[in-house]
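So the structure is just underneath, and the comments pick up after that.
Worth saying up front: this structure is predicted, and the values here are computed from it rather than measured. Both ligands and their constituent atoms are indexed starting at 1 by order of listing.
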Amino acid sequence: MATVRTDQKQRVLMRAVPESFSNALASFFGSGPTDIALAKTQHAAYVQALLDCGLEVTILPADDKHPDCIFVEDQAIVIDGHVLLPVPGHPSRIAEQPPIADFLSRQLNGFQVCGMFGDARMDGGDILRLGDIFFVGLSDRTNQEGIETLRNLLSHLGHELRIINIPTEKALHLTSISSTPTDNIILTAEGYLSPEDFGELPDGCEVLVMPEEEVYGCNTIGFENGCVLVPDGYPTVIETLKQKGLTPVLLDMGQIREADGSITCCSIFF
Ligand code: GLY
């Protein structure tokens with residue numbers, strides 16, 4: 001069986017689906033949500049899956065002025081007792097951050113909070129962790145200055161950072177095209193990234209490359225009990241996880257995908 005994630009996944013912060021969700025940014029996986037009631041139902045099923053995995057879930061109220069507000073992953077990066085509050089890479093998303101920052105700073109007493117300054121930009125969706133190695137996507141949302149801010153924090157914490165060039169003509173974020181369902185597996189898709197892009201990995205770690213048409217299925221969240229949240233409809237991904245001794249928990253992500261949102265986009269673990 002694959003090694004399950006050891007990073008902290010006990011509490012999760014989410015945000016409710018706004019009535020304005022049909023106006024969310026959408027350029028890659030979808031062309032915009034069309035059914036807000038269905039989006040809410042799909043989001044509720046996701047929340048239930050987290051509760052079933054034993055997580056304590058907090059859901060902040062939606063902000064109708066910000067159609068993308070459910071995608072909290074982009075707004076805060078929690079690493080080993082530190083919270084990095086990036087300046088999100090799309091201007092329409094910057095004002096989503098204050099309620100998330102307020103919540104995390106109240107909850108995480110004693111946590112160090114770091115900001116981002118000047119021209120630095122980053123979406124949390126460009127960060128991927130495999131044990132002690134962090135990968136960051138250089139994308140249309142995350143720039144070199146943002147990466148330097150993250151590098152400073154990670155070097156202070158003793159973690160390595162590797163940069164991955166995102167194929168921005170067809171992908172938004174690093175986590176749009178990859179994930180780490182366990183501490184020794186990276187999932188990605190042909191035509192997007194190759195094992196070489198991740199560099200040499202520690203013994204026992206591997207990059208599993210899925211068919212190009214299953215790229216959306218490569219975004220997963222794994223838990224200590226071996227359950228892995230996976231979008232429904234990606235048979236190679238699902239079968240591959242089963243072969244690794246993991247238990248896929250299938251989520252209908254249709255309306256969230258329409259807003260270019262993947263499973264990890266809707267959660268911050270803290
Ligand atoms: N719709 C998610 C984003 O573009 O940030």
Side-chain angles (χ1 to χ4, degrees), residues 12-36 38-43 46-47 59-78 84-101 116 119-128 135-143 146-147 150 164-179 189 192 215-221 229 231 251-269:
V12 59
L13 179 61
M14 301 181 66
R15 200 157 188 187
V17 177
E19 295 302 327
S20 58
F21 190 45
S22 53
N23 297 322
L25 300 167
S27 308
F28 298 98
F29 289 130
S31 47
T34 52
D35 186 335
I36 305 307
L38 180 56
K40 289 183 180 181
T41 301
Q42 291 170 349
H43 196 252
Y46 177 126
V47 171
I59 307 174
L60 294 178
D63 175 355
D64 286 330
K65 291 195 293 305
H66 293 99
D68 285 288
C69 69
I70 67 165
F71 300 130
V72 292
E73 175 186 47
D74 294 319
Q75 301 291 338
I77 300 151
V78 180
L84 174 61
L85 296 173
V87 179
H90 194 286
S92 73
R93 301 208 50 204
I94 291 174
E96 293 172 28
Q97 195 178 62
I100 292 165
M116 196 168 264
D119 294 331
R121 296 287 180 274
M122 175 171 282
D123 280 4
D126 275 316
I127 314 295
L128 185 68
F135 301 93
V136 60
L138 181 59
S139 71
D140 281 346
R141 300 286 177 88
T142 296
N143 64 16
I147 290 173
L150 178 66
I164 306 238
N165 290 311
I166 302 304
T168 52
E169 71 289 357
K170 57 182 177 180
L172 178 60
H173 290 136
L174 179 56
T175 60
S176 309
I177 56 178
S178 63
S179 69
Y192 287 86
V215 63
Y216 184 80
C218 293
N219 179 281
T220 65
I221 300 176
L229 306 190
L251 295 178
D252 183 353
M253 295 292 289
Q255 285 298 301
I256 295 168
R257 179 187 157 126
E258 281 300 319
D260 287 346
S262 300
I263 286 182
T264 59
C265 300
C266 301
S267 292
I268 299 172
F269 295 93

Numbering the atoms of ligand 1 from 1, which are under 4.0 Å from a heavy atom of [X]?
X: L172; result: 3 (C), 4 (O)
X: R141; result: 3 (C), 4 (O), 5 (O)
X: A259; result: 1 (N), 2 (C)

Counting heavy atoms only, name the option from D68, D140, D260 that's nearest to atom 1 (N) of ligand 1.
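Going through D68, D140, D260 one by one, D68 has the nearest heavy atom to atom 1 (N) of ligand 1.
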Does R93, backbone or side chain, put an N or O under 3.5 Å from an N or O of ligand 1?
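Yes, since at least one N or O of R93 sits under 3.5 Å from an N or O of ligand 1.
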Have T175 and H173 got a donor and an acceptor in their side chains that come within less than 3.5 Å?
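The criterion, which ignores hydrogens and geometry beyond distance, is not satisfied for H173 and T175.
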Between Q42 and Q255, does any side-chain donor sit less than 3.5 Å from a side-chain acceptor?
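Looking only at side-chain atoms, Q255 and Q42 do not form any donor-acceptor pair under 3.5 Å.
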Report yes if some heavy atom in the side chain of R141 is under 4.5 Å from a heavy atom in the side chain of D126; otherwise report no.
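A side-chain contact under 4.5 Å exists here.
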Could you check whether any side-chain heavy atom of P86 comes within less than 4.5 Å of a side-chain heavy atom of I77, counting everything from C-beta outward?
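Heavy-atom side-chain distance check passes, below 4.5 Å.
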Does only the side chain of D123 get under 4.0 Å from ligand 1, or the backbone, or both, or neither? Count heavy atoms.
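For D123, there is no contact with ligand 1 at all, from either part.
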Proximity of H90 to ligand 1 by residue part, where a heavy atom lies under 4.0 Å
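It is neither; nothing of H90 touches ligand 1.
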So, using ring-ring contact (aromatic ring centres under 6.0 Å, His included) as the criterion, who are the partners of Y46 when residues are at least two apart?
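Scan of Y46 (ring-ring contact (aromatic ring centres under 6.0 Å, His included), adjacent residues dropped) gives none.
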Within 6.0 Å of NZ in K65, more than 12 heavy atoms from elsewhere:
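Not more than 12 within 6.0 Å, no.
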